[in-house]
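Take a look at the structure set out below.
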2 protein chains.
Amino acid sequence: MGKKNPTLSEQRAAFRDYLARKQLKMTPQRMRILDAFLASQGHMTSEDLYHRVKKADPTVGQATVYRTLKLLADSGIAQEVDFSEGVARYEHGFHQEHHDHLICTRCRTTVEVSDEEIERLQESLAAKHGFRLTGHSMCLYGICPRCRATD
Amino acid sequence: MGKKNPTLSEQRAAFRDYLARKQLKMTPQRMRILDAFLASQGHMTSEDLYHRVKKADPTVGQATVYRTLKLLADSGIAQEVDFSEGVARYEHGFHQEHHDHLICTRCRTTVEVSDEEIERLQESLAAKHGFRLTGHSMCLYGICPRCRATD
DNA sequence: GTACTTGCAAACGCTTTGCACTCTC
DNA sequence: GAGAGTGCAAAGCGTTTGCAAGTAC
């Protein structure tokens, strides 16, 4: 478990490969969006990324960012996450170990957490009902230490 | 754990109390929406409920259903759940034991599951990061036995 | 040269809201 | 009768899509 994170150029190559496999084309826009995505951290919305990309190239359209994020997710470079806010968020997809999220409902801070025991129990819970698991999302909502301190 | 489910008239009374406490009024529309909600099962969308209510009274507006569902959720009679579909769903809120959802991504069947061990681990995971948990949502996505059979 | 891509603006689906009217308490 | 609630239609939001022009391969 836990190969180390791919380098920037490995990721670029991976995206190129993905595009080729799907008979899609590499374009300057896609390149810029990929780079902006890789250069950022956390859980970005399409909007976030759009603004970042726009700084580098004001001509890029919002629709292209939406479209490219879908490709990044499909290629595995990005991972869509849903914090029930009504916006899609994306995080880097190369986190080998699955992780879940601990979200402060007051300040929106999020912490990535993981627990092998929980993973294992989830699998067996699914198996007990005859399901083959393809994915899951677990969000724990609460109040973070900092917000608790300022109560 | 596990008081038995409240009766229909207990729930009506609970809603009435909630409204009174908030200085809101009971109306025939709210009554009908509550009844339709209680008479249904599963994970309903506002749309679902709107259609049901409409059969009993075609004059009820969609906005009223949205508004009333929010009240039902706030009062604890309903519980909002999010299966990442882009629609809000509501289930009965009187399930005392917390449960999570196992969702078939092919046929959308959902099964309610619960596991005390997982609950406990979630608590301790949150505590480890100094969070005070206020809620959580866990959705396990997979393929249900029936869909697996027709592969 | 042939698809595939782009930016734009319009359309989308779900949800919320402003309004004039109506009703509950 | 004062304050809430209603239905309607319009607006809001994040996201998707149709299109004509542009571009990677």
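Order of the sequence lines fixes the chain letters, A, B, ..., with proteins taken first and strands second; residue numbering starts at 1 for each chain. All of these numbers come straight from a predicted model, not from anything done at the bench.
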Separation between CE (B:M138) and SG (A:C139), nearest 0.5 Å, reads 11.5 Å
Judged by nearest nucleotide, the residue sitting upstream toward the 5' end of DNA chain C, B:Q62 or B:R16, is B:Q62
Picking from D:dC8, D:dT15, C:dA3, the nucleotide nearest the side-chain atoms of A:K25 would be C:dA3
A:T64 has its side chain closest, among C:dT6, C:dG7, C:dT15, to C:dG7
Looking only at C:dT5, D:dT6, C:dC25, the nucleotide nearest the A:T27 side chain is C:dT5
ask   = Does a nitrogen or oxygen in the side chain of B:Y66 sit under 4.0 Å from OP1 or OP2 of C:dT15?
value = yes
B:M44 CE to C:dC14 P, in whole Å, measures 17 Å
Separation of C:dT15 atom P from B:R89 atom CZ, nearest Å, is 10 Å
With the side chain defined as heavy atoms from C-beta on, A:A63 is closest, among D:dG5, C:dC8, C:dC14, to C:dC8
Shortest non-hydrogen pair, B:F37 vs B:A78, comes out as CZ-CB, 3.4 Å
Please assess B:E117 against B:R120 for the test salt bridge (Lys or Arg N to Asp or Glu O under 4.0 Å), listing each intermediate value before the final yes or no. CA-CA 5 Å; B:E117 186 65 17; B:R120 202 157 34 236; 2.6 Å; yes
Value for OH (A:Y50) from OG1 (A:T45), rounded to nearest 0.5 Å, stands at 12.5 Å
From CZ of A:R32 across to P of C:dT5 the rounded distance in Å is 17 Å
Under 4.0 Å from OP1 or OP2 of D:dG5: is there any side-chain N or O of B:R30 that close? yes
Can you tell me if the side-chain N/O atoms of A:K70 get under 4.0 Å from OP1 or OP2 in D:dT16? yes
Which of D:dT6, D:dT15, D:dG18 is nearest the side chain of B:Q29? It is D:dT6
From CD of A:E80 across to C1' of D:dG14 the rounded distance in Å is 12 Å
ask   = Counting any heavy atom closer than 4.0 Å, what does B:T45 reach on the DNA or RNA strands: base, sugar-phosphate only, or nothing?
value = nothing
Among the nucleotides C:dC8, D:dA4, D:dG14, whichever has the atom closest to the side chain of B:L24 is D:dA4
Margin query: Centroid separation under 6.0 Å, is that true for the rings of A:F83 and A:H43?
Written below: yes
Need one value for A:Q23: base, sugar-phosphate or nothing, where a base atom within 4.0 Å counts as base even if backbone is also close, heavy atoms only. sugar-phosphate
note: A:E47, atom CD; D:dG12, atom C1'; distance rounded to Å ~ 14 Å
To the nearest angstrom, the CG-P distance between B:L19 and C:dC23 comes to 19 Å
Note: for B:V60 and A:M26 on DNA chain D, the residue whose nearest nucleotide lies more 5' is B:V60
Atom CG of B:L69 and atom P of C:dT15 are separated, to the nearest Å, by 10 Å
Closest heavy-atom pair, A:L125 versus A:H129, reported as atoms and distance to 0.1 Å, is O-ND1, 3.1 Å
Separation of D:dG5 atom P from B:F15 atom CZ, nearest Å, is 10 Å
